[in-house]
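Notes follow the structure.
Not measured: the values here are computed from a predicted model.
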Amino acid sequence: PLLNSRPSPAVAAATTSTTTPPQEFKNLGTQAPPPTGNETPFITLPSGVKTKDFKLGTGDDKILPANSRIFLQCTGRLLNLNGVIFYSTKNNDPTGFGPEPLVITTGRGEVLPGLEEGLVGMKRGGVRRIIVPQELAYNGFPDLEPRVSRPEDRRALDSVVKNPRRDGAILFDVSVERIK
């Protein structure tokens, strides 16, 4: 003889079958689609550099392979470390009063070859994502711009570049402020 003939609430809930999903799952997949932006695919250049424009710039001046003086806002990420930021022009101003642009002149060997190649053709106000393969990044050119200044960023970069088992590909998001 059972003392209590009714099952416990936990047992009752486990044995009751419901065909209606919980409220949280009723409209799953019916929410607004992700925002539409520039849906163009990456363009792979002959060297292996990949570029994707998110915003086309304006004006007649565009970055040339040689003798273009460029003022950029730039963020560098390590693809092999899940996108850890190792460089940002937002950190360039030692006074902390705003980002200092990265200023380079093309064709002079000042900047990573893959980044320079990815910049060619951009106009003022343009925003582009550039993926630089390790052969054209810091693995072969450790002393070129953009130079990492903070010790913690240098450690993150070195953990990828100095480890032969890791791919040293770098992702840069760049925005062109000015072209001279």
Side-chain angles (χ1 to χ4, degrees), residues 37-38 40-57 61-180:
N38 187 341
T40 60
F42 275 93
I43 296 169
T44 303
L45 304 177
S47 66
V49 173
K50 296 179 181 180
T51 65
K52 180 175 182 173
D53 286 315
F54 286 92
K55 179 182 174 190
L56 297 175
D61 292 335
K62 64 181 179 180
I63 298 174
L64 301 173
N67 298 322
S68 288
R69 187 160 170 82
I70 320 163
F71 295 74
L72 302 170
Q73 290 299 327
C74 178
T75 300
R77 296 176 185 271
L78 297 167
L79 291 177
N80 201 281
L81 289 182
N82 295 327
V84 167
I85 295 174
F86 72 94
Y87 176 84
S88 178
T89 50
K90 294 177 182 175
N91 301 330
N92 278 355
D93 186 8
T95 63
F97 287 109
E100 287 287 319
L102 173 63
V103 182
I104 58 170
T105 303
T106 57
R108 293 190 181 170
E110 297 174 1
V111 67
L112 297 174
L115 178 58
E116 184 172 324
E117 184 178 350
L119 291 169
V120 172
M122 289 185 74
K123 295 182 177 184
R124 187 176 60 81
V127 177
R128 182 177 284 178
R129 178 163 283 173
I130 303 168
I131 299 177
V132 180
Q134 67 181 5
E135 307 81 44
L136 299 174
Y138 292 102
N139 291 54
F141 305 92
D143 297 325
L144 297 182
E145 292 286 355
R147 288 190 183 96
V148 180
S149 58
R150 299 185 330 175
E152 59 270 22
D153 296 335
R154 170 53 63 192
R155 279 193 301 274
L157 180 63
D158 286 346
S159 75
V160 171
V161 172
K162 293 183 178 181
N163 186 341
R165 294 179 305 238
R166 289 196 168 168
D167 181 12
I170 306 288
L171 181 144
F172 288 102
D173 288 323
V174 296
S175 173
V176 178
E177 288 186 344
R178 199 168 16 154
I179 302 170
K180 285 187 176 180

**Report entry** Test item: Pro151 and Arg155 side chains (from C-beta on) under 4.5 Å apart, heavy atoms
**Finding:** yes

Query raised in the report: Between the main-chain N or O of Ile104 and the side-chain N or O of Glu110, is there a donor-acceptor pair closer than 3.5 Å?
Result: no

Report summary line: The side-chain contact (heavy atoms from CB on, under 4.5 Å) partners of Leu171 (sequence neighbours excluded) come to Arg77, Leu79, Arg129, Ile131, Asp173

Query raised in the report: Got Ile170 and Tyr87 here, is their nearest side-chain heavy-atom distance under 4.5 Å?
Result: no

Report task. Report yes if some heavy atom in the side chain of Ser47 is under 4.5 Å from a heavy atom in the side chain of Leu136; otherwise report no. Result -> yes

Report task. Could you please spell out the steps behind the side-chain contact (heavy atoms from CB on, under 4.5 Å) verdict for Ser159 and Arg166? Result -> CA-CA 9 Å; Ser159 75; Arg166 289 196 168 168; 3.6 Å; yes

Requested in this report: Could you tell me whether a side-chain N or O of Thr106 sits under 3.5 Å from a main-chain N or O of Leu64, the two making a donor and an acceptor?
Outcome: yes

Report task. In sequence, state the C-alpha distance, the side-chain angles, and the governing distance for Val174 and Leu115, and then conclude on side-chain contact (heavy atoms from CB on, under 4.5 Å). Result -> CA-CA 10 Å; Val174 296; Leu115 178 58; 4.2 Å; yes

Query - Residues in ring pair (Phe, Tyr, Trp, His ring centres under 6.0 Å) contact with Phe86, at least two apart in sequence or another chain - result: Tyr138

Query raised in the report: Quick check: does any side chain N or O of Glu116 sit under 3.5 Å from a backbone N or O of Gly107, one acting as donor and the other as acceptor?
Result: yes

**Report entry** Qualifying side chain to side chain donor-acceptor pair (under 3.5 Å) pairs with a residue from residues 118-128, counting only residues at least two apart or across chains
**Finding:** Asp53-Arg128

Query raised in the report: Pro113 versus Leu144: any side-chain heavy-atom pair under 4.5 Å?
Result: yes

Query raised in the report: Can you check whether Val49 reaches Pro133 side chain to side chain, under 4.5 Å on heavy atoms?
Result: yes

Query raised in the report: Within a radius of less than 6.0 Å around CD1 of Ile43, do more than 12 heavy atoms belonging to other residues, nucleotides or ligands occur?
Result: no

Query raised in the report: When you look at Leu72 and Leu119, which way does the side-chain contact (heavy atoms from CB on, under 4.5 Å) test go after all the steps?
Result: CA-CA 10 Å; Leu72 302 170; Leu119 291 169; 3.8 Å; yes

**Report entry** CZ/Arg147: more than 12 non-hydrogen atoms of other groups inside 6.0 Å
**Finding:** yes

Requested in this report: Give the C-alpha distance, both sets of side-chain angles, the deciding distance and a yes or no for side-chain contact (heavy atoms from CB on, under 4.5 Å) between Leu112 and Phe172.
Outcome: CA-CA 11 Å; Leu112 297 174; Phe172 288 102; 3.9 Å; yes

